[in-house]
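Some notes on the structure that comes next.
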Amino acid sequence: MVPLRTFTFTLTTSRFHSSATVSFPHTPLILLDLLQLCIHLRAYKLTQQSHTQILANGFAQNTFLTTRLVSAYATCGESTMSRLVFDSIETKNVYLWNSLINGYVKNHDFRQSLALFREMGLTLLPDDYTLATISKVSGELEDMVSGRLIHGKSIRIGFVSDVVVANSVISMYCRCGEFGDAMKVFDEMPQRNVGSFNVIISGCAALGNCSSTSRDDLWNFFARMRSEGFKADAFTVASLLPVCCGETRKWDYGRELHCYLVKNGLDFKMGSDVHVGSSLIDMYSRGKKVVLGRRVFDQMKNRNVYVWTAMINGYVQNGAPEDALVLLHEMQMKDEIRPNKVSLVSVLPACGLLAGLTGGKQIHGFSIRMELNDDSSLCNALIDMYSKCGGLVYARRIFNGGSYLKDAITWSTMISAYGLHGRGEEAVDTYYKMLQQGFKPDMITWVGVLSACSKSGLVDEGISIYRSVMTKYEMKPTVEICACVADMLGRSGQLNQALEFIEEMPIDPGPSVWGSLLTASVMHGNSRTRDLAYKRLLELEPENPSNYISLSNTYASYRRWDVVSEVRTMMKERGLRKVPGCSWITISGKTHSFSVADKAHPSSSLIYEMLDDLVSTMADGCADMDILT
DNA sequence: ATAGGGTTAG
């Protein structure tokens with residue numbers, strides 16, 4: 001007879017604490033179930049209590065219990081405890097070894113699990129479970145040498161015919177970039193399951209070479225899978241969706257996969273698969289069909305943080321920052337889901353786009369409370385947001401703060417921030433400091449520093465940096481970089497040099513380059529370069545209304561109404577309409593927007609009065625600073 | 001009774 005004992009356990013999750021008292025006999029079988037519960041709940045305290053009960057009841061050497069105990073501790077992120085339990089066992093069997101090796105895998109300590117695998121080999125022969133686990137480890141480490149050794153061992157011991165071992169080996173080859181070897185193992189498998197096909201599909205999709213032929217290969221493989229009688233599951237579809245680009249691109253199987261899901265009852269709507277749902281949302285967002293993404297989102301029964309973040313990101317990427325901010329609020333209010341690091345990084349550009357300093361500050365505060373401020377990408381996003389919301393001081397404060405590791409993007413962001421605020425010298429200074437610290441600049445860094453030079457009239461500094469792109473870094477500059485140089489020369493009044501540069505630049509000048517020349521020509525009153533720029537712009541972008549409006553306005557200023565009406569007729573013929581640009585400011589939660597020559601605002605006359613004041617103050621200031629000559 | 005592979009958002 002086993003006596004009934006009371007057992008109090010405490011469950012601790014991130015949201016609440018609760019405890020309960022239950023009575024049950026401490027048989028090994030019950031303790032085994034209890035440990036299963038620990039794993040399911042990732043409950044550390046309960047694991048500790050179970051451990052105590054195992055010891056108290058004299059089961060310390062019961063390998064059934066200790067194997068699961070090792071697994072439970074590892075699941076709770078306590079691999080040190082797993083190791084202690086493991087070490088206390090006198091006779092270690094394969095199960096126990098496997099449990100510990102996999103425990104380290106769960107905690108991403110791949111080196112340790114590989115070391116253990118070697119140590120195990122001294123006394124025991126690995127089995128199919130060991131090989132499947134350790135093959136995954138080689139893949140995670142992208143360690144081909146150990147990967148091939150493990151593949152060889154699997155062949156020698158005969159476990160390569162095990163489906164799971166073979167799948168793991170295939171995955172390992174994919175992760176190591178040896179797709180040919182992966183395919184070879186796949187073809188030689190005596191039997192396959194859905195997982196085998198999924199490994200190949202996800203491995204092929206992860207190759208990232210998005211050439212249309214490799215995508216067609218992928219689609220053909222998906223067809224082969226079905227023709228061999230295997231039904232695609234959620235894994236399959238979730239691997240295929242990220243390589244579908246939506247309707248605007250050439251490779252458009254996204255909607256087809258969506259149909260497949262509906263037809264085959266792989267129902268993302270019922271909450272069975274949040275992963276498939278978020279991949280669908282993402283696929284539609286990338287295809288500029290954010291409304292369709294939203295429809296998927298609305299149909300889903302369960303939404304986790306991935307789903308919400310995918311939707312938020314979709315809105316930000318498709319020019320709907322307001323919707324993104326609404327969702328950030330709703331995810332917390334409706335679903336009680338806490339945004340994580342990626343959610344915040346996704347939503348911060350929305351604040352930048354809206355120049356919403358208040359919202360940005362709130363998100364910053366939230367990220368501090370969530371202790372996410374040690375993350376580079378989050379800090380980069382914050383710097384960018386502050387800079388775009390006019391808060392250069394805040395941006396600099398984060399940049400100078402030492403709570404996170406600065407990467408090349410951090411530096412580039414800060415350089416652009418200085419440029420945006422007209423601080424050319426600080427931008428150049430920061431650029432050279434970045435190089436000094438050994439960070440590699442890229443095209444984005446150069447656009448940032450060169451546009452900063454251009455705005456601040458630092459022509460010599462800019463030209464020298466531009467030259468270094470080609471000489472020191474041996475890189476071919478992008479159109480954007482060339483546009484910066486053209487802008488730099490043009491703004492400083494060197495229009496002939498700018499034109500000369502454009503004619504000799506290493507790539508074909510695009511609209512941005514001619515646009516720079518145009519703006520500078522108008523600024524300095526050079527009609528020759530101006531008209532050449534207009535000519536090129538209308539050739540390159542006959543459908544862009546901005547070019548016609550600009551042309552019309554220029555000739556209107558010379559009272560050449562004949563040209564103006566001619567241009568307006570051309571626009572009408574081509575069915576072009578320009579949406580007027582506008583700017584806005586939010587004061588006490590109310591947004592006031594203004595377009596050119598706008599007199600609609602109730603305080604319009606007061607605003608214009610203030611504007612006149614500002615303009616004359618600026619003119620005085622410029623005269624003092626010798627800028628206007 | 002104990003241990004395993006294939007998938008997510010910037």
Side-chain angles (χ1 to χ4, degrees), chain A residues 27-33 35-36 39 62-72 74 89 92-103 105-106 126-137 139-140 159 162-172 174-175 182 186 192-203 205-206 232-242 268 273-283 285-286 293 303-314 316-317 339-349 375-378 380-381 384 409:
Chain A
T27 65
L29 275 180
I30 284 174
L31 286 170
L32 205 58
D33 279 346
L35 284 167
Q36 189 68 60
I39 292 171
N62 179 325
T63 51
F64 296 106
L65 283 173
T66 49
T67 296
R68 195 168 275 175
L69 183 60
V70 164
S71 179
I89 305 303
K92 300 175 178 71
N93 62 15
V94 189
Y95 292 95
L96 192 65
W97 278 98
N98 289 345
S99 188
L100 185 68
I101 291 173
N102 194 246
V105 173
K106 280 180 189 153
D127 68 1
D128 44 347
Y129 281 73
T130 329
L131 291 166
T133 305
I134 211 66
S135 187
K136 172 196 167 79
V137 168
E140 292 282 351
F159 282 125
D162 179 280
V163 185
V164 179
V165 173
N167 289 352
S168 189
V169 169
I170 295 169
S171 161
M172 178 275 295
C174 286
R175 280 180 178 269
F186 178 88
R192 306 183 187 102
N193 62 12
V194 189
S196 319
F197 285 87
N198 289 343
V199 181
I200 293 286
I201 288 173
S202 67
D233 62 10
F235 282 87
T236 324
V237 179
S239 303
L240 284 169
L241 279 173
F268 61 91
D273 209 302
V274 282
H275 186 160
V276 172
S278 61
S279 304
L280 271 177
I281 293 168
D282 186 56
M283 180 274 293
S285 301
R286 276 182 291 107
R303 304 180 191 108
N304 66 3
V305 66
Y306 286 84
V307 176
W308 281 95
T309 305
M311 198 63 243
I312 287 173
N313 192 42
V316 173
Q317 299 299 327
N340 66 14
K341 191 181 80 190
V342 180
S343 322
L344 300 186
V345 174
S346 301
V347 84
L348 277 168
D375 182 76
S376 307
S377 37
L378 183 76
N380 296 345
D384 193 54
I409 297 173

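Numbers restart at 1 for each chain; the letters A, B, ... are given by sequence-line order, proteins then strands.
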**Message:** What verdict does the side-chain hydrogen bond (donor to acceptor under 3.5 Å, both in side chains) test give for A:Ser279 and A:Asp282, after you've listed the backbone C-alpha separation in whole Å, the side-chain angles of each residue and the deciding distance to 0.1 Å?
**Reply:** CA-CA 5 Å; A:Ser279 304; A:Asp282 186 56; over 6 Å; no
**Message:** Given B:dG4, B:dT7, B:dT2, identify the nucleotide with an atom nearest to the side chain of A:Ser202.
**Reply:** B:dT7
**Asked** Side-chain donor-acceptor pair under 3.5 Å between A:Asp233 and A:Thr236, yes or no?
**Response** yes
**Message:** Taking the minimum atom-to-atom distance to the side chain of A:His275, which one of B:dT7, B:dG6, B:dA9 wins?
**Reply:** B:dT7
**Prompt:** Between the side chain of A:Ser168 and the main-chain N/O of A:Ala132, is any donor-acceptor distance below 3.5 Å?
**Reply:** yes
**Prompt:** Over how many whole Å does the gap from A:Ile39 atom CD1 to B:dT2 atom C1' extend?
**Reply:** 10 Å
**Request:** Among B:dA3, B:dT8, B:dG6, find the nucleotide with the atom closest to the side chain of A:Tyr129.
**Result:** B:dA3
**Item:** Nucleotide of B:dG6, B:dT7, B:dG4 approaching A:Lys136 most closely (side-chain heavy atoms)
**Value:** B:dG6
**Asked** Picking from B:dA1, B:dT7, B:dT8, which would you name as closest to the side chain of A:Tyr306?
**Response** B:dT8
**Prompt:** Nearest-Å distance, CD (A:Gln36) to C1' (B:dA1)?
**Reply:** 11 Å
**Item:** Among B:dA1, B:dT7, B:dT2, the one nearest A:Ser239 by side-chain distance
**Value:** B:dT7
**Prompt:** B:dG6 base to A:Asp233 side chain: any donor-acceptor pair below 3.5 Å?
**Reply:** yes
**Request:** Look at the side chain of A:Val199 and decide which nucleotide, out of B:dA3, B:dG6, B:dT2, has an atom nearest to it.
**Result:** B:dG6
**Prompt:** Between the main-chain N or O of A:Phe186 and the side-chain N or O of A:Arg192, is there a donor-acceptor pair closer than 3.5 Å?
**Reply:** yes
**Prompt:** Of the nucleotides B:dG4, B:dA1, B:dA3, which has the atom closest to the A:Tyr95 side chain?
**Reply:** B:dA3
**Request:** Would you kindly give the CD1-to-C1' distance between A:Ile101 and B:dT2, to the nearest whole Å?
**Result:** 15 Å
**Asked** If you measure only the distance, is there a donor-acceptor pair under 3.5 Å linking the side chains of A:Asn340 and A:Ser343?
**Response** yes
**Request:** Look at all strands and tell whether A:Val165 reaches a base, only sugar-phosphate, or nothing, counting heavy atoms closer than 4.0 Å.
**Result:** base
**Request:** Have a look at A:Val169 and say if it touches a base, only the backbone sugar-phosphate, or nothing, with a 4.0 Å heavy-atom cut-off.
**Result:** nothing
**Asked** Where the side chain of A:Ser99 is concerned, which of B:dG6, B:dT2, B:dA3 is the nearest nucleotide?
**Response** B:dA3
**Minimum-distance nucleotide (side-chain atoms of A:Arg68 versus B:dT8, B:dG6, B:dA3)** = B:dA3
**Request:** Report which part of the nucleic acid A:Ser196 touches: base, sugar-phosphate, or nothing (heavy-atom distance under 4.0 Å, all strands).
**Result:** base
**Asked** Base, sugar-phosphate, or nothing for A:Asp375, non-hydrogen atoms under 4.0 angstrom?
**Response** base
**Donor-acceptor pair under 3.5 Å, A:Asp127 side chain vs B:dG4 base** = no
**Message:** Categorize A:Ser278 for me: base, sugar-phosphate, or nothing, with a 4.0 angstrom heavy-atom threshold over every strand shown.
**Reply:** base
